[in-house]
Amino acid sequence: MGKALIIGAGGVANVVVHKCCQNSEVFEEICIASRTESKCIAIKDSVKDTKTKIQTAQVDADQTEEVVTLIRQFNPDIVINVALPYQDLTIMDACLETGVDYLDTANYEPPETPKFEYKWQWAYREKFKDAGLTAVLGSGFDPGVTGVFSAYAMKHYFDEIHYIDIVDANAGDHGYPFATNFNPEINIREITAKGRYFEDGQWVETEPLEVKKVYDLPEIGPKDIYLLYHEELESLAQNIKGIKRIRFFMTFSEKYITHLNVLENVGMTSIEPIMFEGKEIQPLQFLKAVLPDPASLGPRTKGKTNIGCIIQGIKDGEPKSYYVYNICDHQACYREVGSQAISYTTGVPAMIGAKLVLEGKWKKPGVYNVEEFDPDPFMEELNKQGLPWKEDFNPTLLD
Ligand code: NDP
């Protein structure tokens with residue numbers, strides 16, 4: 001049916017590649033590209049038994065012209081951007097220049113400002129619409145599936161949604177005293193920032209990790225969860241009409257928080273460049289270099305993730321609550337595709353979003369967040385592609 005150019009060769013890209021190759025009737029050809037082609041070749045070599053033709057290429061996606069040249073050579077129907085958020089705009093520019101659809105899993109962030117905002121990518125709406133091209137933003141798990149869950153609840157179960165709590169729990173244990181599950185730079189930038197949630201039409205700010213609760217989640221057990229700002233809050237606050245409050249919570253163990261506090265106190269999480277032995281370095285980037293590579297955690301990580309949405313609102317004049325979630329087992333993911341559940345829960349939805357665009361089910365000229373598409377085909381695919389979901393119509397975790 002089509003060809004996909006996959007940019008990035010990290011943990012998430014590895015999953016996207018394996019999942020595309022399990023859906024060869026849709027992804028007839030793929031090209032994996034990043035700055036270091038050897039990483040792309042290693043992913044290619046790890047795929048066994050597929051009808052999908054796989055190529056690799058070297059590209060620096062910070063350079064629009066390099067992406068344009070690669071797109072002209074490979075001629076894909078869609079670009080799946082699973083590099084880093086810094087490359088979103090250069091890749092979107094290349095897609096516009098060459099007339100190709102676009103999908104990513106994280107919103108653009110300027111390298112020098114740790115600020116998650118959609119404004120830069122939403123500014124491309126008219127350009128994509130006029131070009132007849134589709135751009136799907138944030139098709140990972142969160143953002144991604146959490147937006148699809150919200151849209152599905154709205155479509156099938158509620159007349160009005162008033163409250164959404166997104167709860168992202170990871171009970172995986174990799175055996176290291178401290179390591180981050182995905183790109184450490186992005187992860188640490190996310191949790192050392194102030195917390196923020198949307199209530200009664202405005203944003204309420206908290207100190208970093210100020211709001212803490214203990215939630216007893218299905219198949220995970222009681223865990224400390226902390227309120228964070230997360231990028232899907234921005235789009236969901238706009239796209240779920242009549243929403244009164246939306247918050248995002250993530251689990252962190254006490255051990256993790258202790259390490260993080262120390263690293264922060266000694267200045268290791270700073271993105272302000274410093275001079276070291278005559279060379280300018282960014283402490284956070286240096287920290288990333290000494291921490292375990294997230295891709296190496298796969299074989300060591302045991303346990304499960306549980307990510308879902310707890311939703312409250314009104315149906316037929318009556319108050320209603322609904323909890324929809326996915327449980328994912330780190331070791332099962334590793335056995336299947338050679339990556340742990342954090343990469344798996346991001347890579348599978350990225351493949352599904354791209355599949356729906358190629359099949360025409362999510363083809364809609366413009367720039368859209370996932371909750372702006374029909375959630376039904378995506379929910380169906382989640383069940384088929386390894387991320388089955390469960391529903392609870394009497395959730396106890398209400399607040
Ligand atoms: P990794 O750091 O493991 O991989 C990133 C990849 O991007 C590397 O392979 C790197 O390869 C490539 N890359 C970096 N810069 C460039 C560039 N200039 N040009 C081309 N390739 C580049 O990250 P992950 O795989 O863990 O995450 C990928 C994306 O997924 C990130 O944007 C992350 O924020 C997002 N994510 C989204 C989640 C969600 O639920 N929505 C959850 C987790 C992650 P090389 O060095 O060879 O260029």
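Note that ligands are numbered from 1 as they come in the structure, with each ligand's atoms numbered from 1 the same way.
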Full working for side-chain hydrogen bond (donor to acceptor under 3.5 Å, both in side chains) between Q22 and K19: CA-CA 5 Å; Q22 289 176 11; K19 284 293 171 180; 3.1 Å; yes
G138 heavy atom under 4.0 Å from ligand 1: no
Side-chain touch E37/I32, heavy atoms, less than 4.5 angstrom: no
Residue D62 vicinity, atoms of ligand 1 by number, heavy atom under 4.0 Å: 18 (N)
Short N-O contact, E277 and K279, less than 4.0 angstrom: no
Residue portion contacting ligand 1 (non-hydrogen atoms closer than 4.0 Å) for D60: both
Charged tip of K155 within 45° of Y152 ring normal and under 6.0 Å: no
Nearest neighbour of atom 28 (C) of ligand 1 from the list A350, G8, A83, on a heavy-atom basis: A83
Identity of the nearest option to atom 25 (O) of ligand 1, non-hydrogen atoms only, from V12, V16, D88: V12
Same apolar cluster: M154 and M379, side chain cutoff 4.5 Å: yes
Region of K39 engaging ligand 1 - heavy atom pairs below 4.0 Å: side chain
Under 3.5 Å: N/O of S34 near N/O of ligand 1: yes
A61 neighbourhood, listing ligand 1 atoms whose heavy-atom distance to it stays under 4.0 Å: 17 (C), 18 (N), 19 (N), 20 (C)
Straight-line distance of I30 CD1 to T50 OG1, nearest 0.5 Å: 7.5 Å
Min N/O separation F141 to ligand 1 under 3.5 Å: yes
Proximal atoms of ligand 1 relative to P85 (non-hydrogen, under 4.0 Å): 32 (O)
Geometric class of the Y368/F373 ring pair [parallel <30°, tilted 30-60°, perpendicular >60°]: perpendicular
Shortest reach to atom 4 (O) of ligand 1 by a heavy atom, considering only G10, P143, A9, G147: G10
Backbone or side-chain N or O of G11 under 3.5 Å from ligand 1 N or O: yes
Identified side chain to side chain contact (heavy atoms under 4.5 Å, CB included) partner of Y229 from the options K194, E205, R196: R196
Close-contact set for ligand 1 against V82 heavy atoms, below 4.0 Å: 28 (C)
Ligand-side contact atoms (ligand 1) for residue partner V59, heavy atom cut-off under 4.0 Å: 19 (N), 20 (C)
Listed once per pair and sorted, the ring pair (Phe, Tyr, Trp, His ring centres under 6.0 Å) pairs that draw on residues 254-275, sequence neighbours left out: F178-Y256, F178-H259, F252-Y256
Hydrophobic cluster identity match, M1 and Y102, side-chain contacts under 4.5 Å: no
Heteroatom distance test (A106, ligand 1): nitrogen or oxygen, under 3.5 angstrom: no
